[in-house]
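Take a look at the structure below.
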Amino acid sequence: MDEELHLGCPFCGKDDIKYGVSVCSGCQAEIRYGVSWAPTLILGVILLIVGGAIGGGIGGLVCIGGLVGIVIGAYRFLQNLSYKKGPKFFRREFR
């Protein structure tokens with residue numbers, strides 16, 4: 001028998017939010033389960049390889065773009081480690 005996992009919203013107290021939804025139906029808080037890091041890292045590595053193959057001034061710029069992509073991908077990976085404890089709820093404040 002499959003048992004569904006439910007989340008509890010820290011803002012409105014609603015405790016029957018199904019795992020996988022992106023918005024709390026009680027207070028409209030955004031629910032995030034992690035960030036995508038692999039495509040950015042892969043693109044950075046590809047740009048680094050292509051830049052090295054091209055060489056010269058343009059190749060150097062492509063290599064710099066690849067390094068930036070790798071740094072951003074690594075940062076997103078580290079951000080993703082904080083989601084191991086569970087999804088995070090975010091609520092926008094309108095002024």
Legend entry - Lys14 side chain reached by Ser25 side chain, heavy atoms, under 4.5 Å: yes
Inset, instruction - Indicate if Phe89 and Leu5 have the same hydrophobic cluster label, given that clusters are the connected sets of ILVMFWY residues with side-chain heavy-atom separations under 4.5 angstrom. - result: yes
Legend entry - Pairs touching residues 55-76 that satisfy ring-ring contact (aromatic ring centres under 6.0 Å, His included), sequence neighbours left out: none
Legend entry - Pairs involving residues 48-74, ordered by first then second residue, that meet ring-ring contact (aromatic ring centres under 6.0 Å, His included) (sequence neighbours left out): none
Inset, instruction - Establish whether Val50 and Ile42 are linked, either directly or via other cluster members, by ILVMFWY side-chain heavy-atom contacts under 4.5 Å. - result: yes
Legend entry - Single-linkage hydrophobic cluster, 4.5 Å side-chain cutoff, Val21 and Phe11 together: yes
Inset, instruction - Provide the closest heavy-atom pair for Ile31 versus Cys24 in the form atom of the first, atom of the second, distance. - result: CD1-N, 3.9 Å
Legend entry - Phe77: partners by ring pair (Phe, Tyr, Trp, His ring centres under 6.0 Å), with sequence neighbours left out: Trp37
Inset, instruction - Measure the CD1-CG distance between Ile46 and Leu41 for me, rounded to the nearest 0.5 Å. - result: 10.0 Å
Legend entry - Shared hydrophobic cluster for Leu67 and Leu78 (ILVMFWY, side-chain gaps under 4.5 Å): yes
Inset, instruction - State the CG-CD1 distance between Leu48 and Ile70, to the nearest 0.5 angstrom. - result: 5.0 Å
Legend entry - Heavy-atom pair of closest approach, residues Ser36 and Arg76: O-NH1, 2.9 Å
Can you give the donor-acceptor pairs under 3.5 Å from side chains of residues 55-64 to other protein atoms, not counting sequence neighbours?
none

Legend entry - Sequence neighbours excluded - salt bridge (Lys or Arg N to Asp or Glu O under 4.0 Å) pairs with any residue from residues 31-50: Glu30-Arg32
Legend entry - Under the ring pair (Phe, Tyr, Trp, His ring centres under 6.0 Å) test, residues paired with Tyr33 that sit two or more places apart: Tyr19
Legend entry - Smallest separation among heavy atoms of Cys12 and Cys9, with atom names: N-SG, 3.6 Å
